[in-house]
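Order of listing sets the numbers, starting from 1, for every ligand and every atom in it. Source: prediction; values computed, not measured.
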Amino acid sequence: MNHQELADKNKQYTLAAWAAQGQWAPLTMSRAEGVYFWNADGKRYIDWSSMLINVNIGHGNRHVIRAIQEQAERFTYCRPDYVTEPRARLGEILAEVTPHQLAKSFFTLAGADAIENAMKMARLYSGRQKILTRYRSYHGGTFAAATAGGDPRRLANEPGVPWIVRLHDPYAYRSPLYRGRTADEGDQALVDQMRDTIEFEGPENIAAILLEGYSGTSGVIQGGRVYWQGVQRLCDEYDILLIIDEVMSGFGRTGKWFGIDHYPFVKPDILVSAKGLTCGYVPLGAVTVSPEIAAHFDGNTLWCGLTYSSHALACAAGIACYEVYRDEDLIARSAAKGKILEAGLEKLRDVHPCLGDIRGTGLHFVIELVKDPETREPLSPFNGPLTEPMAKISKFFRDEGLSTFVRWNWIFCCPPLVITDEELAEGLDLVDRALALAAPYVAGG
Ligand SMILES: Cc1ncc(COP(=O)(O)O)c(C=O)c1O
């Protein structure tokens, strides 16, 4: 089937996520290697977002493919109350790489169900009900995970579960709390406001605070040291658990094993991972908990279960992905290549007045486009359809063979960690040419 036939047949028989079906115009994929993939007509795309910011090790990795094949030859599936070698070994690896000796993992199928189970565990362990989350966050598309995320994808699902309370965000570029303040002062004002929220909600009712280790699709909006110190202090003071969602920011994306590793004083009680755990080769998620929480469930039933928990094929893929991160030194590589990416984006700021903000670290960046760098008015509004200039940019990427997310006034720049300097230059050149399209719509452009 050629590209058009394949797109049409998929539209005829399958449903698209997060889309009015009539507006869905999918790319097709027939082959993928490294940072590139090809559509059914043989057109090549550079994968500038690692698909859904999950294919960290790049496409077509032979080591992982072989590990999956070898596991499939032995057996693919084992019921989750029986155990396997891949499960034990991947649990051991997670205990090694996650912060502060988190001890034991419960394996799920992906990110959202890992979040569901993390919230269940926090509520079972603490005997408390509420979970505090952020407005600018995303934790998955299932019912409670969707409520937990503040991202507008939750709105159609409202009111969702009743035990989520949302906090405001460390959005130094836009939040009124940061206006006229330094970033540190803004972080402190936000922490003070969080304390108020905890008091108003009743600390004795709050099981956990759930935060992305490093903010992702909601705009890479990340607090600094003061913010994270404040969060940890509030958790300690009120005996509230800290759940860190590393689904997107884990496994080298931000230049550390986990996003929260940028703040080594933070002690997550529960860490949730997925995406880069298996890089999309087979779906898998994990909830990794502290020894105290693990010990609680020695005597109390863990009311969590999934037919495909600890899937052998997925665990084998997870072990192989870990070996690729380790043997190819991809965590350090992400930090080093991220510096080149950031420098390239900074250069573009000099020539494109629409480039309002550049946020991120490692290979995890978003750029925010504005009509006017002084007023910071977004080039496309929050939660609205793309305006003409953003739609032109989005079309340009598609036509010229760059695949990424163009969301409102944001462009995500999150390529696989295996990207070379030449490939980074190729992507940056396309971003440069795309930004030029915004010039007629921008003050001083
Ligand atoms: C931070 C974060 N948490 C959870 C999820 C949900 O993961 P999944 O789509 O695998 O269910 C996502 C997905 O993008 C995410 O970015």
Side-chain angles (χ1 to χ4, degrees), residues 16-19 49-56 98 106-122 131 133-154 157 160-161 164 166-167 169-170 208-223 242-254 256-262 268 270-288 304 306 308-309 311 314 317-318 321 359-366 404-405 407 410 412 414:
W18 311 117
S49 66
S50 309
M51 291 282 121
L52 293 189
I53 318 190
N54 61 325
V55 186
N56 292 5
T98 54
F106 178 78
F107 290 110
T108 67
L109 280 68
D113 60 341
I115 290 288
E116 300 280 348
N117 282 290
M119 294 195 295
K120 255 192 189 179
M121 286 185 207
I131 309 247
T133 68
R134 276 176 44 179
Y135 277 103
R136 301 269 189 172
S137 69
Y138 181 70
H139 297 293
T142 54
F143 201 80
T147 313
D151 189 279
R153 276 171 281 183
R154 81 177 198 276
N157 186 46
V161 300
I164 295 290
R166 289 187 206 89
L167 304 163
D169 302 274
I209 299 178
L210 164 61
L211 301 170
E212 288 168 71
Y214 209 104
S215 157
T217 41
S218 297
V220 189
I221 291 161
Q222 187 69 357
L242 182 58
I243 306 175
I244 294 295
D245 180 346
E246 293 282 355
V247 169
M248 183 170 283
S249 52
F251 296 95
R253 175 53 52 197
T254 70
K256 303 258 187 201
W257 272 102
F258 294 95
I260 202 64
D261 292 341
H262 291 278
I270 301 178
L271 184 140
V272 178
S273 58
K275 294 197 188 256
L277 176 60
T278 46
C279 295
Y281 284 76
V282 182
L284 186 69
V287 184
T288 307
C304 301
L306 299 155
Y308 295 124
S309 177
H311 198 285
C321 282
R359 294 191 292 273
T361 188
L363 287 169
H364 187 59
F365 274 89
V366 74
T404 190
F405 297 104
R407 196 174 192 219
W410 302 331
F412 286 83
C414 308

Provide, line by line, the atom pairs where ligand 1 and the protein bring an N/O atom each to a distance under 3.5 Å; else say none.
| residue | atom | partner | partner atom | Å |
| --- | --- | --- | --- | --- |
| ligand 1 | 3 (N) | Y138 | O | 3.4 |
| ligand 1 | 3 (N) | D245 | OD1 | 3.3 |
| ligand 1 | 3 (N) | D245 | OD2 | 2.7 |
| ligand 1 | 10 (O) | G111 | N | 2.9 |
| ligand 1 | 11 (O) | G111 | N | 3.4 |
| ligand 1 | 11 (O) | A112 | N | 2.7 |
| ligand 1 | 14 (O) | K275 | NZ | 3.0 |

Steps toward side chain to side chain contact (heavy atoms under 4.5 Å, CB included) verdict (F106, C304):
CA-CA 9 Å; F106 178 78; C304 301; 3.8 Å; yes

D245 and R134: CA distance, side-chain angles, deciding distance, salt bridge (charged side-chain N to carboxylate O under 4.0 Å, His left out) verdict:
CA-CA 12 Å; D245 180 346; R134 276 176 44 179; over 6 Å; no

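No hydrogens or angles considered: a donor-acceptor pair under 3.5 Å links the side chains of H262 and T254.
Both tests pass for R153 against the ring of Y138: distance under 6.0 Å to the centre and angle within 45° of the axis.
Between Y308 and H311, the ring-plane angle classifies as tilted under the 30° and 60° cut-offs.
Applying the side chain to side chain donor-acceptor pair (under 3.5 Å) test to every pair with at least one member in residues 277-288, sequence neighbours left out, gives these pairs: S105-T288.
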